[in-house]
Every structure is written in structure tokens, then in C-alpha cells.
Amino acid sequence: MNSASDITSHFSAAIITGGSSGIGLAFLENLKLADENFRIWNISRKIPEPYEKVPAFQHISADLEDHVKVKQAFNEILKSFEYKALEGPILLVNNAGFGVYGPFDSAPLDKTLKMMDLNMRALVHGTGILLESLRTRGGAIVNIASTASFQPTPYLGAYGATKSFVLHWSLALNAELRAAGFGNKLWVNCVCPGPTETAFFKRAGLSEQPPESTDFLSMQAGAVVDISFKGILKRKPIIVCGWKNKLIVFTARCGPKVWVTWIAEKALHLWRKRQIAP
């Protein structure tokens with residue numbers, strides 16, 4: 001069996017946020033290719049069009065930047081659990097998020113605050129609503145962070161900080177679950193991809209694809225998901241995608257923060273100079 005088949009064999013259902021594009025959509029596609037009857041809930045503003053009439057797929061339309069919508073969406077899933085008498089472990093993939101690129105004072109403050117609400121608050125809020133049910137059923141909480149989690153990122157400062165929050169909160173929650181005796185039943189994986197070919201860069205204010213200067217690090221969303229599946233089943237607390245990204249992360253973690261920040265500023269400044277979308 002491939003890694004997606006292993007996932008659908010181990011879990012009874014999946015919940016994905018932001019599954020209409022990018023890494024979230026790749027999770028959805030791989031799971032459905034492995035087993036079209038595998039139950040999936042997707043929470044995003046848009047429905048992934050090819051999946052409108054696919055068996056065992058339910059789309060919940062919600063803007064997760066709005067904490068009221070977060071509560072409504074995840075409570076709807078809890079009601080579905082009860083209605084369908086669903087049993088067995090659940091795979092929760094907290095993928096929804098976006099970035100804001102450029103000097104802090106160049107982006108609308110409201111956009112940055114919405115990013116913080118989506119990248120951090122929605123993830124914690126949704127997980128908190130489902131946590132009691134997940135402890136009962138078992139499963140995995142998969143939080144999508146970034147290699148930006150490991151060092152300050154000038155011109156992506158607030159975004160990198162949100163992903164650092166995701167990483168550290170994931171590790172802390174995983175330790176709490178183990179200490180409370182749930183470690184064999186429910187665990188947390190934090191996935192840290194590098195530049196990935198998604199709509200992230202366009203929404204952040206760059207070109208559609210990763211900047212040319214990051215081609216040697218860039219990965220397809222499907223490759224990120226395949227690595228994630230393998231790490232999830234091994235219950236790895238941190239999943240860094242690709243050996244090149246692992247090398248970058250190792251360097252960032254070992255180097256003095258001031259030096260690492262200086263290097264990041266030089267690299268990200270080149271992104272801005274060469275790749276800003278017209």
C-alpha cells in the first residue's frame with residue numbers, strides 16, 4: 001500500500017481546513033484517490049469543484065478568519081459525528097492559512113490581523129472544539145506550519161511568527177496529550193514545508209509560483225502531502241519536508257538568531273526585488 005492507503009486504513013475520516021487549493025487540496029485528492037468512500041469534511045470558503053458530487057465528501061462553507069464562523073463550522077462537524085454514529089480515529093488537518101509579504105508598514109494592518117486570526121486563532125479554536133471527541137475516538141491533529149517557523153523572517157515577519165506559534169503550540173499540545181495518557185491514541189504532527197507550488201505566493205503579493213531564487217527548495221504540494229502521510233503514521237512531532245529544507249532548518253536552529261535574521265533579510269529582500277507581482 002502507498003502512504004495514502006495506509007492513512008485511509010488507519011483513520012475512519014478526515015477533517016481538512018482550506019482544502020479548496022494548495023496543500024489542503026492535495027491532502028483531499030490523495031485521500032480520495034486511495035479510497036473514494038473515505039469520509040472527508042472540508043472547511044473553506046470555496047468548494048473544491050471536482051468534489052461536489054463525490055461520495056462521502058461534505059463541504060462546509062466558512063471564512064475561518066471569523067471566529068463565529070469557526071465555531072459554527074466545527075460544531076456542525078460534531079453534530080455530524082453524532083448523527084452518523086461515526087466511530088474510529090479522526091485525522092484533523094489544520095491547513096488553512098495565508099501570508100503577507102513586504103515591510104510591516106507596507107501591508108494593510110487589517111490584512112495582517114486577519115492572517116493572524118486565521119493562522120493561529122482558527123487553528124486553536126477548531127482544535128479546541130473537537131479535542132474532547134478526538135480524545136474519545138483517537139486520531140491525529142496535523143498542523144501545517146512552515147520552515148519559516150524556525151527563524152525570524154523579515155518581510156514575512158508576522159507570517160513567520162504565526163507559524164512559529166503553530167510549531168511551538170503543536171509540540172506543547174503533543175506533550176500534554178502524552179502526559180495525560182493519550183499518547184498512544186491521539187497525537188500531534190506539525191508539518192513544516194518550504195516553498196511549495198501553491199497560491200500562497202500570489203496572495204502574499206509575489207508571483208503565482210515560488211520565486212526563482214527558491215527553485216532549488218521548491219516542492220509540489222503532492223510531495224509535501226506524501227511526506228506528511230509517512231510522518232503522521234510514524235507519529236513524528238515535527239515533519240520537515242525534503243532534505244534540503246531539513247538542512248536549512250538545521251542551520252537556522254544552530255546559528256545565532258541575529259545572524260540568521262540578517263541572512264533571511266538579505267534573501268527575502270531579493271524575493272521582493274525580483275518577484276513582486278505587477
Novice: What do you reckon, is CE of Met120 surrounded by more than 12 foreign heavy atoms closer than 6.0 Å?
Specialist: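 Yes.
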
Novice: Hydrophobic cluster membership, with links at side-chain heavy-atom distances under 4.5 Å among I/L/V/M/F/W/Y: are Leu177 and Leu171 in one?
Specialist: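 No; Leu171 is not reachable from Leu177 via cluster members.
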
Novice: So does Leu130 get a backbone contact from the side chain of Ser133, meaning a donor-acceptor N/O pair under 3.5 Å?
Specialist: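 Absent.
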
Novice: I want to check something: taking the side chain as every heavy atom from C-beta on, are Trp169 and Leu123 in contact at a cut-off of under 4.5 Å?
Specialist: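 Trp169 vs Leu123: side chains touch.
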
Novice: Would you find more than 12 non-hydrogen atoms of other residues, nucleotides or ligands less than 6.0 Å from Asn37 atom CG?
Specialist: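 For Asn37, atom CG is crowded (more than 12 foreign heavy atoms under 6.0 Å).
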
Novice: Under 4.5 Å between any side-chain heavy atoms of Leu167 and Phe150, yes or no?
Specialist: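 In contact.
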
Novice: Is any side-chain heavy atom of Phe81 less than 4.5 Å from a side-chain heavy atom of Glu87?
Specialist: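 The answer is no, as the side chains (C-beta and beyond) never meet within the 4.5 Å cut-off.
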
Novice: Do Met219 and Ile227 come within less than 4.5 Å of each other through their side chains, counting heavy atoms only?
Specialist: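 Touching, per the 4.5 Å side-chain cut-off.
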
Novice: Determine the minimum heavy-atom distance between Asn119 and Val166, stating which atoms define it.
Specialist: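 Scanning both residues completely, I find the closest heavy atoms to be O-CG2, 3.6 Å.
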
Novice: Is the backbone of Lys163 close enough, under 3.5 Å, to the side chain of Ser149 for a donor and an acceptor to pair up by distance?
Specialist: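 Yes; judged by distance alone, with no hydrogens or angles, the pair exists.
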
Novice: Is it the case that the side chain of Asn189 and the backbone of Lys236 share a donor-acceptor pair, with hydrogens and angles ignored and the cut-off at 3.5 Å?
Specialist: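 Flag set: sc Asn189 to bb Lys236 pair under 3.5 Å.
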
Novice: Might you point out which heavy atoms bring Arg235 and Lys185 nearest each other, and give the distance in Å?
Specialist: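 For Arg235 and Lys185, the tightest heavy-atom pair comes out as NH1-N, 4.3 Å.
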
Novice: Determine, stepwise, if the pair Leu173 / Thr127 fulfils side-chain contact (heavy atoms from CB on, under 4.5 Å).
Specialist: CA-CA 10 Å; Leu173 179 59; Thr127 302; 4.2 Å; yes

Novice: As an exercise, state the distance from NZ of Lys32 to CD1 of Ile40, rounded to the nearest 0.5 Å.
Specialist: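 It comes to 5.0 Å.
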
Novice: Quick one: are Leu233 and His10 in side-chain contact, heavy atoms under 4.5 Å?
Specialist: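 Counting from C-beta outward, Leu233 and His10 do come under 4.5 Å.
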
Novice: When you check the side-chain N and O atoms of Asn95 and Thr17, is any donor under 3.5 Å from an acceptor?
Specialist: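 There is no such pair between these side chains.
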
Novice: Can you name the closest pair of heavy atoms from Ala140 and Phe11 and give their distance?
Specialist: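 Minimum heavy-atom separation between Ala140 and Phe11: N-CE2, 3.6 Å.
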
Novice: Centroid-to-centroid, Trp41 to Phe74, below 6.0 Å?
Specialist: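 When the ring centroids of Trp41 and Phe74 are compared, they turn out to be at least 6.0 Å apart.
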
Novice: Can you give me the closest heavy-atom contact between Leu28 and Gly19, atom names plus distance?
Specialist: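 Closest approach of Leu28 to Gly19: CD1-O, 3.9 Å.
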
Novice: Between Asn75 (side chain) and Lys71 (backbone), is there a donor-acceptor pair under 3.5 Å?
Specialist: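 Side chain of Asn75 to backbone of Lys71, a donor-acceptor pair under 3.5 Å: yes, one is there.
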
Novice: Test of understanding: clusters of I, L, V, M, F, W, Y form through side-chain heavy atoms closer than 4.5 Å, transitively. Do Ile7 and Val54 belong to the same one?
Specialist: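 Linked, Ile7 and Val54 end up in one cluster.
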
Novice: Taking the side chain as every heavy atom from C-beta outward, state whether Ile77 and Ile60 have any pair of such atoms under 4.5 Å apart.
Specialist: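 With C-beta onward as the side chain, the pair touches.
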
Novice: Would you kindly confirm whether Leu109 and Leu118 end up in one hydrophobic cluster when ILVMFWY residues are joined by side chain heavy atoms under 4.5 Å apart?
Specialist: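 Leu109 clusters together with Leu118.
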
Novice: State plainly whether one hydrophobic cluster holds both Val191 and Ile238, where clusters connect Ile, Leu, Val, Met, Phe, Trp and Tyr through side-chain heavy atoms under 4.5 angstrom apart.
Specialist: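 No, separate clusters.
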
Novice: Any donor-acceptor pair under 3.5 Å linking the side chain of Ser12 with the backbone of Pro89?
Specialist: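 Pair found, side chain donor or acceptor close to backbone of Pro89.
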
Novice: Can you check whether Ser170's main-chain N or O pairs, donor with acceptor, with Asn174's side chain at less than 3.5 Å?
Specialist: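 Pair absent, no side-chain N/O of Asn174 close to backbone of Ser170.
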
Novice: Parallel, tilted or perpendicular: which describes the rings of Tyr51 and Phe57, with under 30° parallel and over 60° perpendicular?
Specialist: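 Correct class here is tilted.
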
Novice: Can you check whether Val224's main-chain N or O pairs, donor with acceptor, with Ser228's side chain at less than 3.5 Å?
Specialist: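 Yes; at least one donor-acceptor contact below 3.5 Å.
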
Novice: For the pair Asn245 and Thr147, evaluate side-chain hydrogen bond (donor to acceptor under 3.5 Å, both in side chains) and give the outcome as yes or no after the intermediate values.
Specialist: CA-CA 7 Å; Asn245 287 317; Thr147 51; 4.7 Å; no

Novice: State which residues pass ring pair (Phe, Tyr, Trp, His ring centres under 6.0 Å) with Phe229; sequence neighbours excluded, sorted by chain then number.
Specialist: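 For Phe229 the ring pair (Phe, Tyr, Trp, His ring centres under 6.0 Å) partners, ignoring immediate neighbours, are Phe27.
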
Novice: At what distance, to the nearest 0.5 angstrom, does SG of Cys241 lie from NZ of Lys246?
Specialist: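 The NZ atom of Lys246 is 8.5 Å from SG of Cys241, to the nearest 0.5 Å.
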
Novice: First locate atom CG of Asp226, then atom OG of Ser3, and finally report the distance between them rounded to the nearest 0.5 Å.
Specialist: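 If I round to the nearest 0.5 Å, the distance is 3.5 Å.
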
Novice: Below 4.5 Å, heavy atoms only, C-beta onward: do Gln72 and Lys69 meet side chain to side chain?
Specialist: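 Side chain of Gln72 against side chain of Lys69, heavy atoms only: contact under 4.5 Å found.
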
Novice: What's the spacing between Ile239 CD1 and Cys192 SG if we round to 0.5 Å?
Specialist: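 Rounded to the nearest 0.5 Å, the CD1-SG separation comes out at 8.5 Å.
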
Novice: Please give me the minimum heavy-atom distance between Ala158 and Thr112, naming the atom from each residue.
Specialist: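 Closest pair (atom of Ala158, atom of Thr112, distance): CB-CG2, 3.8 Å.
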
Novice: Is NZ or CZ of Arg121 both nearer than 6.0 Å to the six-membered ring centre of Phe165 and within 45° of the ring axis?
Specialist: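 No, cation not above the ring by the 6.0 Å, 45° rule.
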
Novice: With a 4.5 Å heavy-atom cut-off, do Ile129 and Leu78 have their side chains touching?
Specialist: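 Yes, side chains in contact.
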
Novice: So which heavy atom on Ile43 is nearest to which on Ala73, and how close?
Specialist: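 Minimum heavy-atom contact is CG2-CB, 3.9 Å.
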
Novice: Check whether any side-chain N or O of Asn42 sits under 3.5 Å from a backbone N or O of His59 as a donor-acceptor pair, and report yes or no.
Specialist: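 Not a single qualifying donor-acceptor pair exists.
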
Novice: Once rounded to the nearest 0.5 Å, what's the spacing between atom CD of Glu176 and atom CG of Leu131?
Specialist: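 Taking CD in Glu176 and CG in Leu131, the distance rounds to 9.5 Å.
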
Novice: Taking a hydrophobic cluster as the set of Ile, Leu, Val, Met, Phe, Trp and Tyr residues connected by side-chain heavy atoms closer than 4.5 Å, whether directly or through intermediates, do Val124 and Met115 fall within one such cluster?
Specialist: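 Yes, Val124 and Met115 fall within the same hydrophobic cluster.
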
Novice: Measuring from atom CG of Asn94 to atom CG of Leu64, what distance do you get when rounded to the nearest 0.5 angstrom?
Specialist: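 Asn94 CG to Leu64 CG: 9.5 Å, rounded to 0.5 Å.
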
